[in-house]
Q: 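Have a look at this one before I ask anything.
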Amino acid sequence: MKKFFVFICLILTISPVWAKRLHHEAEYQKAWCDKRGGVMEYELNDKTRVDCLLPDLAVEFDFANKWAECIGQAIYYGKMTNRQAACVLIMENGEKDLKYLRRLRRAAYRKGVNLRTFTMKPEHLCIPVNNVKK
């Protein structure tokens, strides 16, 4: 019984880590990159992957609350590919995610990083509606 109780407590403690997303990051990445004719998952010599590589941009995608990770990866990919670094923040929580976009832009500005920023929302995805039988 004690092991069961410990297991339940562990699950309840860890469960917030599995935040529910409306769509996978890869869905946003594919829609954005395909629209611009980019190369998805471009592999660098060190086996890291640029989410979307364009002739002038190395683009990293992340959900808004992971804005700091987006900056770091984008800068690295930009340097490794001789392209401008760019972040696409996925904004699934409307106005609540604006604070993360502001943080990203403020951090880049204060550090003197030339970083392009873009946003995507769920409505930017072209998801076909299933035919409903009458």
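For clarity, every value in this text was computed on a predicted model and none was experimentally measured.
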Q: With a 4.5 Å limit on heavy-atom distance, are the side chains of Tyr28 and Phe63 in contact?
A: yes
Q: Keeping Tyr77 on the side-chain end and Val59 on the backbone end, is there a donor-acceptor pair under 3.5 Å?
A: no
Q: Count the heavy atoms of every other residue, nucleotide or ligand shown that sit under 6.0 Å from CD of Glu95, and state whether that count exceeds 12.
A: no
Q: Check whether Phe61 and Phe118 end up in the same hydrophobic cluster, where Ile, Leu, Val, Met, Phe, Trp and Tyr are linked by side-chain heavy atoms less than 4.5 Å apart.
A: yes
Q: How would you list, by chain and number, every residue that makes a salt bridge (Lys or Arg N to Asp or Glu O under 4.0 Å) with Asp97, sequence neighbours excluded?
A: none
Q: To the closest 0.5 Å, what do you measure between NE2 (His24) and CD (Gln29)?
A: 13.0 Å
Q: So, for Lys96 and Lys99, which heavy atoms are closest and what is the spacing to 0.1 Å?
A: O-CG, 3.4 Å
Q: To the nearest 0.5 Å, what is the distance between NZ on Lys30 and NE2 on His23?
A: 15.0 Å
Q: Indicate if Val39 and Leu57 have the same hydrophobic cluster label, given that clusters are the connected sets of ILVMFWY residues with side-chain heavy-atom separations under 4.5 angstrom.
A: no
Q: Nearest 0.5 Å, what's the CG-CZ distance between Leu101 and Arg106?
A: 10.5 Å
Q: To the nearest 0.5 Å, tell me how far Leu54 CG sits from Arg36 CZ.
A: 8.0 Å
Q: Please confirm whether the backbone N or O of Leu53 pairs with a side-chain atom of Arg83, one donor and one acceptor, at under 3.5 Å?
A: no
Q: State whether the side chain of Arg116 and the backbone N or O of Ala86 hold a donor-acceptor pair below 3.5 Å, judged by distance alone.
A: no
Q: Using side-chain heavy atoms (C-beta onward) and a distance below 4.5 Å, is Asp51 in contact with Glu25?
A: yes
Q: Consider only side-chain N and O atoms of Tyr76 and Asp46, and report whether a donor and an acceptor are under 3.5 Å apart.
A: yes
Q: Does any non-hydrogen side-chain atom of Leu115 lie less than 4.5 Å from one of Cys87?
A: yes
Q: When rounded to the nearest 0.5 angstrom, what is the spacing between CD1 in Ile90 and CH2 in Trp32?
A: 11.5 Å
Q: Evaluate the side-chain proximity of Asp62 to Tyr100: yes if any heavy-atom separation is below 4.5 Å, no if none is.
A: no
Q: Does the side chain of Gln84 come within less than 4.5 Å of Asn114's, by heavy atoms?
A: yes
Q: Could you state whether Val50 and Met40 fall into the same hydrophobic cluster, counting links through intermediate Ile, Leu, Val, Met, Phe, Trp or Tyr residues with side-chain heavy atoms under 4.5 angstrom apart?
A: no
Q: To the closest 0.5 Å, what do you measure between CD (Glu92) and CG (Asn65)?
A: 10.0 Å
Q: How about Glu60 and Ile75: do any of their side-chain heavy atoms sit closer than 4.5 Å?
A: no
Q: Quick one: do Val113 and Leu104 end up in the same hydrophobic cluster if we chain Ile, Leu, Val, Met, Phe, Trp and Tyr together by side-chain heavy atoms under 4.5 Å apart?
A: yes
